[in-house]
Amino acid sequence: MFEGIARVPGDAILGLIDAFNNDTNPNKVDLGVGVYRDTQGHTPILASVKAAEQRLLENEATKSYIGSHGDPLYTDAVLKLVLGSASPVLAQQRASATQSPGGTGALRLAADFIRFNLGERGIWVSNPTWPNHLGIFEAAGLTLHHYPYVSSDNRLDFEGMLAALEKAPQGDVVLLHACCHNPSGFDLDKQQWQQVLELVKRRQLLPLIDFAYQGFGDGLNEDAYGVRLLAESLDEVIITSSCSKNFGIYRERTGCFILVARDHEQMENVRSQAAITARENYSNPPAHGGAVVAEILNDASLAEQWEGEVEAMRSRIADLRTAFVDALEPYGLKERFAFIREQRGMFSYTGLSAEQVERLRKEFGIYMVGSGRANVAGLSSDCLDYVAKAFAEVCR
Ligand code: LMR
């Protein structure tokens, strides 16, 4: 029966991990998969996470199931982190949180929740978006539509975005990136979020906000601006949050599926459905990452230490953006790539073509996603000039 099954190419982003590891070039640079790296090129375990794990090692008393919604100590802390501890949405008790296996798991829960409870409907995603969005929504049976997001001259195409969403049928879902847009790094400002809110309200669309990089753009609260604006202003919003990046616990698969409903009664209804969706997918979420996050966020001194660590990661990436643009100056490319300083988060859409990306990999051992996306966190002072020189070569 298996003879008709074709071999497919591996995932374009995750495949870079093996390709990079197998490359023997001593100068190789990994600007591929979206993980934070320190000055040595390592993805460190945060000190706050190590301290929390130490406590868990001593105090954890059981490995029994944690239930389909996960650990309330984790989900309540994430709701405060995402919506703000003084959020009116929390006071109104109209937000539900379900612990999920990573942000990806939260997205799959969101897609299944929509498909099973709201029926077949369209979902509008930015062009470009994180490629896995497409696979997840299609696998759940939603119909994909694209709205422009980046113009051909590599800028945020906000006018194009609004014009396309203006035509979305009432009731369709709009996927928005809360901050640190993946792959482009172009984010909406406060005024643009306000315009999105007005459009979504007027056209009666359902926002699904992917919040995978809280803290990596302008700060933990600053990055939540759009999420909080929409959650406080609309009756219905879906949010998928991830602790992979801001806690550096990628492999622990720690995310959250958040449903904001009109009122408490309606929230309990949709929440009951979220538990069924989780049960039918994987039953209970993995516990360890959530326990670590709960340990940190529910302890004032660990939380303060963690906030400092997030700030250090955020500012290192911001500094690297400036340093890389400066490193391009001797090659006459400073103006051309000035947008790298304006982009936010780990990623920069460089505007390089697939052929240029291929040359960077083959000739210089520099790994980026074929779309031209570079993980800025993979740069370091040691390799800035090497990468700038390679960019100059492939741009000649
Ligand atoms: C990325 O975009 O590189 C990360 O979100 C990792 C992934 O799962 O693709």
Side-chain angles (χ1 to χ4, degrees), residues 34 36 46 48-49 52 73-97 103 106 156 176-182 185-197 200 207-234 237-249 254-260 290 292-319 321 342-347 377:
Y36 176 77
L46 302 185
S48 54
V49 167
L73 290 175
Y74 167 75
T75 50
D76 287 352
V78 169
L79 278 178
K80 288 186 193 145
L81 182 68
V82 168
L83 298 174
S85 48
S87 172
V89 178
L90 295 181
Q92 293 151 1
Q93 296 187 302
R94 62 184 189 95
S96 156
L156 173 68
L176 300 161
H177 297 228
C179 67
C180 309
H181 184 271
N182 182 2
F186 292 117
D187 282 351
L188 303 183
D189 64 24
K190 289 184 178 177
Q191 206 190 342
Q192 289 165 332
W193 273 111
Q194 188 63 41
Q195 285 175 265
V196 168
L197 167 65
V200 160
L208 163 52
I209 314 179
D210 187 357
F211 201 7
Y213 293 87
Q214 184 173 7
F216 278 76
D218 290 313
L220 287 163
N221 288 314
E222 292 82 349
D223 291 350
Y225 180 82
V227 174
R228 294 176 187 176
L229 177 73
L230 268 60
E232 289 170 24
S233 314
L234 296 169
V237 178
I238 302 176
I239 304 158
T240 56
S241 142
S242 171
C243 294
S244 294
K245 326 279 169 168
N246 51 13
F247 286 83
I249 50 173
T254 313
C256 201
F257 169 51
I258 298 173
L259 286 161
V260 175
V292 168
V293 171
E295 197 71 36
I296 294 173
L297 293 181
N298 293 312
D299 178 297
S301 86
L302 275 186
E304 194 186 331
Q305 182 182 15
W306 169 72
E307 282 171 25
E309 294 185 287
V310 176
E311 180 53 25
M313 292 191 283
R314 190 194 70 73
S315 52
R316 183 177 128 72
I317 297 171
D319 291 349
R321 288 186 175 279
E342 312 309 323
Q343 295 163 329
R344 287 286 177 277
M346 275 193 205
F347 304 122

Participant: Going from CG on Leu302 to CG on Leu297, what distance comes out if it is rounded to the nearest 0.5 angstrom?
Facilitator: 9.5 Å

Participant: Under the side-chain contact (heavy atoms from CB on, under 4.5 Å) rule, collect the residues that match up with Lys80, sequence neighbours excluded.
Facilitator: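 Once residues adjacent in sequence are excluded, the partners of Lys80 under the side-chain contact (heavy atoms from CB on, under 4.5 Å) criterion are Ser85, Leu90.
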
Participant: Which atom names give the shortest non-hydrogen contact between Tyr74 and Cys243, and what distance separates them?
Facilitator: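 In terms of heavy atoms, the two residues are closest at OH-SG, 3.6 Å.
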
Participant: Provide the closest heavy-atom pair for Ala178 versus Trp193 in the form atom of the first, atom of the second, distance.
Facilitator: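 Scanning both residues, the minimum pair turns out to be O-CZ2, 3.5 Å.
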
Participant: Taking the side chain as every heavy atom from C-beta outward, state whether Asp218 and Asp187 have any pair of such atoms under 4.5 Å apart.
Facilitator: no

Participant: Within a strict 4.5 Å, meaning less than it, do heavy atoms of the Leu197 and Leu234 side chains meet?
Facilitator: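 Of all side-chain heavy-atom pairs linking Leu234 with Leu197, at least one is under 4.5 Å.
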
Participant: For the residue pair Val293 and Ile249, establish whether any side-chain heavy-atom pair is separated by less than 4.5 Å.
Facilitator: yes

Participant: Nearest heavy-atom pair of Cys180 and Gly217: which atoms, and what distance?
Facilitator: SG-N, 3.4 Å

Participant: Any side-chain heavy atom of Ile239 within less than 4.5 Å of one from Leu230?
Facilitator: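 They are not in contact (no side-chain heavy atoms under 4.5 Å apart), so the answer is no.
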
Participant: In Å and rounded to the nearest 0.5 Å, what is the OG to CZ distance from Ser96 to Phe257?
Facilitator: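 Atom-to-atom, Ser96:OG and Phe257:CZ are 7.5 Å apart.
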
Participant: Answer yes if the side chains of Tyr213 and Arg344 hold a donor-acceptor pair under 3.5 Å, and no otherwise.
Facilitator: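 Result is no, nothing qualifies.
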
Participant: Donor-acceptor pair, distance only, cut-off 3.5 Å: does the side chain of Gln214 make one with the backbone of Leu81?
Facilitator: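 Checked: pair present.
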
Participant: Taking C-beta and beyond as the side chain, do Leu208 and Leu176 meet within less than 4.5 Å on heavy atoms?
Facilitator: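 No; the side chains remain at least 4.5 Å from each other.
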
Participant: Establish, yes or no, whether a centroid distance under 6.0 Å links the rings of Phe247 and Trp306.
Facilitator: yes

Participant: With a 4.5 Å heavy-atom cut-off, do Phe186 and Glu342 have their side chains touching?
Facilitator: no

Participant: Taking all non-hydrogen atoms of both residues into account, name the closest pair between Asp223 and Gly215 and its distance.
Facilitator: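 Asp223 and Gly215 have their closest heavy atoms at OD2-N, 2.8 Å.
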
Participant: Start with the C-alpha distance between Ser242 and Phe211, add both sets of side-chain angles, then the distance that settles side-chain contact (heavy atoms from CB on, under 4.5 Å), and finish with yes or no.
Facilitator: CA-CA 7 Å; Ser242 171; Phe211 201 7; over 6 Å; no

Participant: Would you say the side chain of Ile209 lies within less than 4.5 Å of the side chain of Val237, judging by non-hydrogen atoms?
Facilitator: yes

Participant: Between the side chain of Arg228 and the main-chain N/O of Val82, is any donor-acceptor distance below 3.5 Å?
Facilitator: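 Between the backbone of Val82 and the side chain of Arg228 there is a qualifying donor-acceptor contact (under 3.5 Å).
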
Participant: Counting N and O atoms only, with roles assigned by atom type, does the side chain of Asn298 sit under 3.5 Å from a partner on the main chain of Leu73, one being a donor and the other an acceptor?
Facilitator: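 The answer is yes, because a donor-acceptor pair under 3.5 Å joins these two groups.
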
Participant: For Glu311, enumerate each residue passing the salt bridge (charged side-chain N to carboxylate O under 4.0 Å, His left out) test, keeping only those at least two apart in sequence or located in another chain.
Facilitator: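 Only Arg314 meet the salt bridge (charged side-chain N to carboxylate O under 4.0 Å, His left out) criterion with Glu311.
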
Participant: Are any non-hydrogen side-chain atoms of Val260 and Ile238 less than 4.5 angstrom apart?
Facilitator: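 Counting from C-beta outward, Val260 and Ile238 never come under 4.5 Å.
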
Participant: Applying the side-chain hydrogen bond (donor to acceptor under 3.5 Å, both in side chains) test to Ser48, which of Glu309, Glu295, Glu304, Gln305 qualifies?
Facilitator: Glu309

Participant: Please find the pair of heavy atoms, one from Met346 and one from Phe216, that lie closest to each other, and give the distance.
Facilitator: CE-CE2, 3.9 Å

Participant: If every non-hydrogen atom of Lys245 is compared with every non-hydrogen atom of Met313, which pair is closest and at what distance?
Facilitator: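 The answer is O-CE, 4.0 Å.
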
Participant: Would you give the length of the straight line joining atom CG of Leu188 to atom CG of Leu229, rounded to the nearest 0.5 angstrom?
Facilitator: 11.0 Å

